[in-house]
Amino acid sequence: MATQSTPPVSLPRHSKSNNPNPYPLSPTVNNDRYTILSLINQCNSTKQLKQVHAQMLRTGLFFDPFSAGKLITASALASFSSLDYARQVFDQIPQPNLFTWNTLIRAYASSPDPIQSLLVFLQLLHHCEHFPDKFTFPFVIKAASELKAFRVGRAFHGMVIKASLSSDVYILNSLVHFYGSCGDLDLAYAVFVKTPQKDVVSWNSMITAFAQGGCPEEALELFRGMEKENVKPNDVTMVGVLSACTKKLDLDFGRWVCSYIERNEINVNLTLSNAMLDMYMKCGSFKDAKRLFDKMQEKDIFSWTTMLDGYAKLGEYDEARHVFDAMPSKDIAAWNALISAFEQNGKPKEALAVFRELQLSKDAKPDEVTLVCALSASAQLGAMDLGRWIDVYIKKHGIKLNCHLTTSLIDMYAKCGDLEKALEVFYSAERKDVFVWSATIAGLAMHGHGRAALDLFSKMLEAKVKPNAVTFTNVLCACSHTGLVNEGQRLFYQMEPVYGVLPGEKHYACMVDILGRSGHLQEAVKLIEKMPILPTASVWVTLLGACRLHGNGNIELAEQACSHLLELDPRNHGAYVLLSNIYAKTGKWDRVSGLRKIMRDFGLKKEPGCSSIEVNGIVHEFLVGDNSHKLSKEIYSKLDEIAAKLKSVGYVPNKSHLLQLVEEEDMKEQALNLHSEKLAIAYGLISTGPSQPIRVVKNLRVCGDCHSVAKLISRLYDREILLRDRYRFHHFRGGNCSCMDYW
DNA sequence: AGCTCCGGTG
């Protein structure tokens, strides 16, 4: 910030000059109360305010409640001032009037620490002779909105009614905003409808509540209603309407809104321009966004981040990086936009690379959002060392765990194989929302603790947390991994009538898995026939997978499932791979080669198996037959040693696990001994200490032979092996696997 | 006095 050489306000200087009056503001000369008060308005630094403050103390003006109030207002609301100073001043005032109380409450409500607003409000109730008035309530309700403190806000609503203030449009508008930000759209709408003299802010608050609460349709409907009632929309209205278009990804309507803004000569300020930018970006029109962005006279950090995030989320990483590098200043939201885009598009390594770059730069400090993304990326990779490092970082920096962070931590520990730690985070969490509960249920499910997952689900219901669609996916998943057929069925049929959650494609896929995996193929087929929604590819893949396990020659069913699957998704590798496995199992080699020809003609290749293992914070990746690792020689001699040991205990490789769908150049795939998970395990054996568990992550389902070998290794080498495949964890110990061979 | 724009979890 530039320093001014001459202060714009002439203030007393405590100099030993020849000036006969060292205190030119002293009332003994020519300063009355009005001069001092006008000086307050001209202050542009805390230092100047303090000088005026001193002068007021000297003259006794500070003890005039009105004048002291002026000082508070200036110090609390001025952009340069700190609230701490305002608070100090406030605490010195003997009898603050209601206006002064309100000013402080107002300032705290929009500060980073809105709880203070509520605390001052309580003091007001105790110490002030006046009851809070119609100015007080909008501020405290705003604080409650910021904190999403539902019960507190409801209590304010009650007080408003008792105080006969419930027809005040300012208060009612704040309540609409409050209920909206707590996610209770019904209550928000109830207040809105009952607002007697709605002004444009009433409409804006409700439109915004709908747009942000996931009901963009209703927001747009309300905008039309507003026109019908002849209420003229303003720039804030249009921001809300655009936000609704963005949520709906409705580019046509968005374009219409932009032309509406032009036709109706609505004031286009920076915020509105940014909302237009965001709409164009998220709705996929880079061209319109770029044109607007280049045209904008003034751009702020929102404008830049909106462009950056738009490109990044749609996978235009080069453009995104270009914008990022061009940003005049980067706040943490800009970094997060880049990190989260990588993380959400299945590029966890790229996400973590940017995270490291952030740590090295001095631009910004990681915040909760950054850490959530970094934890999520660690979870995807199974990078436990990094995940643990972030956990320590959170503790060291005294960052309070919100539900987002708690969820990500639980998910990270569970996906990295440390279920104990995941549960520890869960039990010590202060607040548990549906995300926290669901993540923990998912953790138990993926580790094969189906019963415990169901018990936790019951505890969740006891805690009055409402399960949603994802909760049920996880609960059903727990049933399918553990073979809890009856429980799964019971819960599935309770979903809609008892919990009001409509079963979706994922739930049907889980149910087909529960039935199919346990051998009830015909029931699975019946369920699919009865589906009220069109069966999706995932449902047919699941049925096909069940056919491989229990088909017993029912090739017709497998072929039907496969053709349904290919109808929906002609390039689905899984369809060909599974069906050819089934043909191979029954010795139908001619059909195997037929499928091979189709795949070749279509240019389809099996997704290559890839296993990774983190050692000392570095993630090592192995493909089948990989010899690119720098310890490759040692790895292969370890594999030879393992093979010899296995042979000595009488192990015979099970060749039926072979894919039997390989091109000549993929012959190495045939060699069971070169599978990626074996390479990773061998590397784990030579690079980690004897007491450390070996944690491997595989991108596909673990191979059957590898599963048997891993069990033996866990016994022969007395090592724990945690193998996470695409679907679940296999925890090998003492020759057994946690999945009890049900997988 | 109240309403607005970028980045997040299962």
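Chain naming here is simple, since letters A, B, ... match the order of the sequence lines and numbering starts at 1 in each. Values below: all heavy atoms of this structure, side chains included; hydrogens, waters and symmetry mates excluded.
Rounded to a whole Å, the CZ atom of A:Arg106 is 10 Å from the P atom of B:dC3. Separating the CD1 atom of A:Ile207 from the P atom of B:dC3 is a distance of 15 Å, rounded to the nearest angstrom.
A side chain to side chain donor-acceptor pair (under 3.5 Å) check over residues 179-196 of chain A, counting only residues at least two apart or in different chains, returns the pairs A:His157-A:Tyr179.
Nucleic acid contact class of A:Asn102 (heavy atoms, under 4.0 Å, all strands): none. The residue A:Val434 sits close to a base: some heavy atom pair falls under 4.0 Å. The residue A:Lys330 sits apart from the nucleic acid: no heavy atom pair falls under 4.0 Å. Nucleic acid contact for A:Glu368: base, since at least one base atom lies under 4.0 Å from a heavy atom of the residue. The residue A:Lys432 sits apart from the nucleic acid: no heavy atom pair falls under 4.0 Å. At a threshold of 4.0 angstrom between heavy atoms, the contacts of A:Asp433 with the nucleic acid are absent.
Comparing B:dC6, B:dC5, B:dT4 by their closest approach to the side chain of A:His177 singles out B:dT4. Distance from the side chain of A:Asp168 is smallest for B:dA1 among the nucleotides B:dG10, B:dC3, B:dA1.
In the region residues 297-308 of chain A, proximity to DNA chain B at under 4.0 angstrom, judged on heavy atoms, holds for A:Phe302, A:Thr305, A:Thr306.
For A:Lys142 and B:dC3, the shortest distance from a side-chain N or O to OP1 or OP2 is below 4.0 Å. At B:dC3, none of the side-chain N or O atoms of A:Gln212 fall inside 4.0 Å of OP1 or OP2 (strictly under the cut-off). For the OP1/OP2 pair of B:dT9 and a distance below 4.0 Å, the side-chain nitrogens and oxygens of A:Ser376 include no atom meeting the criterion.
Between A:Arg388 and A:Asp391 there is no salt bridge, since no side-chain N of the basic residue sits under 4.0 Å from a carboxylate O of the acidic one. Ion pairing between a basic and an acidic side chain is recognised when a charged N comes within 4.0 Å of a carboxylate O; A:Glu343 and A:Lys313 show no such pairing.
Annotation: cation-pi pair A:Lys134/A:Tyr170 absent, no NZ/CZ under 6.0 Å from the ring centroid and within 45° of its normal.
Under the ring pair (Phe, Tyr, Trp, His ring centres under 6.0 Å) criterion, A:Phe150 pairs with no residue at all, not counting sequence neighbours.
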